[in-house]
Protein chains: 2
Amino acid sequence: MITFEEAEIRSRIIKAMSHPVRLMIIEVLKEGELSFSKINGMFESDKSTVSKHLLVLKESGIVSSKKSGSDMIYKLEVPCITDFFGCVTAVIENNVKRQQVCLCGGRGISC
Amino acid sequence: MITFEEAEIRSRIIKAMSHPVRLMIIEVLKEGELSFSKINGMFESDKSTVSKHLLVLKESGIVSSKKSGSDMIYKLEVPCITDFFGCVTAVIENNVKRQQVCLCGGRGISC
DNA sequence: TGGTACGTTGGTATTTTTACCAATAATAAG
DNA sequence: CTTATTATTGGTAAAAATACCAACGTACCA
């Protein structure tokens, strides 16, 4: 059995992924490095909000950043992260199949 | 690009995994179905707390439950979930390698 | 030197998550 | 029927996550 301490470490990384904006950032960084302003341009949120999402990803070790001129460049450190999305999709599809009153869309419908 | 709506759906499932107790439950359910009392026995938390963790997992579609006599039996619906842990471990090991002041152990040390 | 673009940090209000206790519902056993 | 056993639900308090605005630091340019 996995220890609670090990589970805590893992959960910090998973928690870092558990926000729609951060998932979108991970997804887009899979295609290659991007500057803050490019990432920021994807969202309507305040830039400070986007900056803090990137900090969460960085502190967990999922992304890294480096300065390049006046830009800050973000990079996905561990691309295998996105392999996981296939399984997440499997959960979603399974929910549809079982007609579960699930969280998909938050409306208790069949996604 | 993934839409924000799709990212929201995914994030609900990932958020359901983002707690040490729930990760441990997923891990142990990979070995096979278990009753509530067996799962509850793994933790020192109040049984209501454990029950609510199981509810979170159930509502996300990660586990399912069925009544058997006086027991409630929990089952991992989507075993591929645990494949992901390998990549989470890769993140952790990468953090060590980079000597990052990371979140591992919450102490800013090399895990 | 002054101004401008870029990104982070501090502060705060709101929402969400979490954990416990107590009470309830459901089933089994005596 | 009464009493245990089993698990969930309601209520509440504390902690964490989230988003915004404002202020700041940094680098570049005129």
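Quick note: numbers below take in every heavy atom, side chains included, and nothing from hydrogens, waters or symmetry partners. Residue numbers start from 1 in every chain, and the chains themselves are labelled A, B, ... in the order their sequence lines are given, proteins ahead of strands.
- Using a 4.0 Å heavy-atom criterion, one finds that B/N40 contacts no nucleic acid atom at all.
- The residue among B/H53 and A/F36 whose nearest nucleotide of DNA chain C is located toward the 5' end is A/F36.
- Backbone-only engagement by A/S45 is indicated by non-hydrogen atom pairs under 4.0 Å involving sugar-phosphate atoms exclusively.
- The interatomic distance linking B/I39 (CD1) with D/dT6 (P) rounds to 15 Å, in whole Å.
- Counting any heavy atom pair closer than 4.0 Å across all strands shown, A/F43 reaches no nucleic acid atom.
- Proximity note for A/D46 (side chain, C-beta onward) versus C/dG7, D/dC21, D/dT6: the nearest is D/dC21.
- Counting non-hydrogen atoms under 4.0 angstrom, A/K15 reaches the backbone sugars and phosphates but no base.
- Here C/dT8 is the nucleotide among D/dA17, C/dT8, D/dA19 with the atom lying nearest to any side-chain atom of A/M72.
- Surrounding NZ of A/K30 are more than 12 heavy atoms belonging to other residues, nucleotides or ligands, all under 6.0 Å away.
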Practice task
With side chain to side chain donor-acceptor pair (under 3.5 Å) as the test, would you mind laying out the steps for A/S65 and A/K58 before giving the verdict?
Solution key: CA-CA 8 Å; A/S65 67; A/K58 208 171 117 178; 2.9 Å; yes

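- Taking atom CZ on A/F4 and atom P on C/dT18, their separation rounds to 11 Å, with Å as the unit.
- Using a 4.5 Å heavy-atom threshold, the side chains of A/Y74 and A/E33 count as separate.
- Counting non-hydrogen atoms under 4.0 angstrom, B/S37 reaches the backbone sugars and phosphates but no base.
- Across the protein-nucleic acid pair, A/L34 atom CG and C/dG7 atom P stand 12 Å apart, rounded to whole Å.
- Using a cut-off of 4.0 Å between Lys/Arg side-chain N and Asp/Glu carboxylate O, A/E59 and A/K52 are scored as not salt-bridged.
- The side chain of B/S51 lies closest to D/dT8 when the candidates are D/dT8, D/dT6, C/dT9.
- Note: CG (A/L57) to P (D/dT18) measures 11 Å, nearest angstrom.
- Which of C/dG7, D/dA7, C/dA19 sits closest to the side chain of B/D71 comes down to D/dA7.
- The nearest whole Å value for the distance from the CD1 atom in A/I73 to the C1' atom in C/dG7 is 12 Å.
- Between B/K58 atom NZ and D/dA7 atom P there is a gap of 13 Å when expressed in whole angstrom units.
- Distance CZ (B/R12) to P (D/dT18): 14 Å, rounded to an integer number of Å.
- The NZ atom of A/K47 sits 11 Å away from the C1' atom of D/dA23 (whole-angstrom rounding).
- The shortest distance between side-chain heavy atoms of A/E6 and B/F85 does not fall below 4.5 Å.
- Looking at B/K52, its side chain comes within 3.5 Å of the base of D/dG10 through a donor and an acceptor atom.
- Heavy-atom distances to DNA chain D give each of B/S48 and A/S70 a nearest nucleotide, and the one nearer the 5′ end belongs to B/S48.
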